[in-house]
Amino acid sequence: MVKDRYARQILHWGAEKQKLIEQSSLLIAGVGGLGATVSQLLVRAGIGRLYLVDDGHLDWPDLNRQTLYGEKDVGLAKLPLAKERLNQINSSTEIVEIPGRIDADFQVPAGVDGVADCLDNYQSRFELYRAVSAGTYFVHGGLNGNQGQVLTLLSGKSQPFEEVFAGAVQPQGTIPVTPDSVVIIAGLMVNELFSVLWKTPKLLDRCLVISLDDFHIDFMDI
Amino acid sequence: MIKIQFFSLVRLLIKQEATEVPWVEGETVQSVLDKTQAQIATPFLHKLLNEEGVAHTGTIILVNRKNILHLNGLKTPIADDDVLAFFPPGAGG
């Protein structure tokens with residue numbers, strides 16, 4: 001590893017927390033809008049291993065916010081592209097591809113330290129949460145236009161995701177999503193994922209609700 | 001008193017974060033909704049209930065952190081000092 005690669009962040013959080021990041025593995029469900037930036041920031045920070053799950057191909061409307069991809073990638077499968085780009089950013093992170101859609105048969109690999117819900121639909125989110133083993137942290141992110149939320153649940157202890165979000169079915173039509181809102185919510189998710197790895201989550205059973213319309217931030221207890 | 005919290009687009013619609021309504025015997029989610037609407041100038045019930053008066057999919061309603069769809073829906077009884085939250089989560093990613 002290039003000397004001093006993580007020097008600036010170690011100045012902030014210290015060598016011990018850096019070591020925890022480098023020894024940790026996370027599952028990133030979806031490498032689209034949220035997942036492209038979440039995985040990128042984690043790799044830049046030196047995460048040890050990332051499991052990436054996705055089944056999509058890049059389309060032109062993805063380019064406004066999916067920060068790992070460019071014009072030449074349109075039409076290609078996102079998962080190998082994400083792995084290639086993440087490896088280019090930091091070759092010390094092990095990237096494990098899990099191609100396919102998250103459904104009732106999906107299994108979270110044993111030993112992951114946390115799961116990042118970067119999905120774009122509730123049905124897959126419900127299936128993902130069911131696949132998370134007890135004692136594993138689940139960091140959810142979601143957004144619609146200028147509104148977004150981040151929430152951490154601890155499987156086996158928190159209310160199940162499907163109970164909290166019961167009734168929150170997918171809206172009809174395409175959901176509006178902007179470059180800035182995605183990157184902001186993704187950044188907040190990564191901040192929380194670091195806290196999860198350090199066993200000090202800030203949003204456990206506490207939903208952070210953000211409105212970029214008026215820069216309003218609130219907490220909703222779950 | 002019953003505390004009612006508004007989040008995200010519901011907060012933006014009615015331009016306030018929370019309100020309170022007095023509690024009476026026999027209170028339910030539905031009666032609290034009606035009282036709350038009577039107190040707030042901006043119509044917002046249509047964001048929470050469909051034309052048949054059934055809770056919309058799209059905005060979740062929590063009573064003391066529990067989703068009413070896992071309680072007794074709009075008939076869920078409300079006690080004094082209960083906290084209701086209305087939250088339309090963002091589904092995209």
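Computation of the quantities below employed the complete heavy-atom set of this structure, encompassing side-chain atoms and omitting hydrogens, waters and symmetry-equivalent molecules. Everything quoted here is computed from the prediction, not taken from an experiment.
- No more than 12 heavy atoms of other residues, nucleotides or ligands lie within 6.0 Å of CD in Gln107(A), so this atom counts as exposed by the packing criterion.
- Going from atom CZ of Phe87(B) over to atom CD of Gln147(A) covers 9.0 Å, rounded to the nearest 0.5 Å.
- Here CG of Leu69(B) is found 13.0 Å from CZ of Phe165(A). Values are rounded to the nearest 0.5 Å.
- Side-chain atoms of Phe7(B) and Ser211(A), non-hydrogen and from C-beta on, never get closer than 4.5 Å to each other.
- Gly90(B) and Tyr122(A) make their closest contact through O-OH, 3.3 Å (heavy atoms, listed as atom of the first residue, atom of the second, distance).
- In this structure, the separation between CD1 on Ile60(B) and SG on Cys207(A) is 7.5 Å, given to the nearest 0.5 Å.
- Annotation: side chain of Glu163(A) is not in contact with side chain of Asn67(B) (no heavy-atom distance under 4.5 Å).
- For chain B, the option among Val209(A), Asn146(A), Val177(A) with the highest count of heavy-atom pairs below 4.5 Å is Val209(A).
- Pairing each heavy atom of Gly93(B) with each of Asp120(A), the nearest pair is N-CB, 3.8 Å.
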**Test salt bridge (Lys or Arg N to Asp or Glu O under 4.0 Å) applied to Arg11(B) and Asp214(A), step by step** = CA-CA 11 Å; Arg11(B) 177 187 65 81; Asp214(A) 55 356; 2.9 Å; yes
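- Closest non-hydrogen pair, Ala85(B) versus Met220(A), comes out as CB-SD, 4.1 Å.
- Side-chain contact annotation: His216(A) with Glu17(B), donor-acceptor N/O pair under 3.5 Å present.
- A 4.5 Å side-chain heavy-atom check between Asn64(B) and Asp221(A) finds every atom pair outside the cut-off.
- Of the two parts of Ala91(B), the backbone and the side chain both hold a non-hydrogen atom closer than 4.5 Å to a non-hydrogen atom of chain A.
- Proximity of a side-chain donor or acceptor of Gln149(A) to a complementary backbone N or O of Ser8(B) within less than 3.5 Å is not detected.
- Heavy-atom distances place the backbone of Leu119(A), and not its side chain, under 4.5 Å from chain B.
- Looking only at heavy-atom pairs under 4.5 Å with chain B, the residue among Asn144(A), Leu143(A), Leu34(A) that has the most is Leu143(A).
- Two residues are said to be in side-chain contact when any heavy atoms from C-beta on lie closer than 4.5 Å; Lys66(B) and Gln159(A) meet this criterion.
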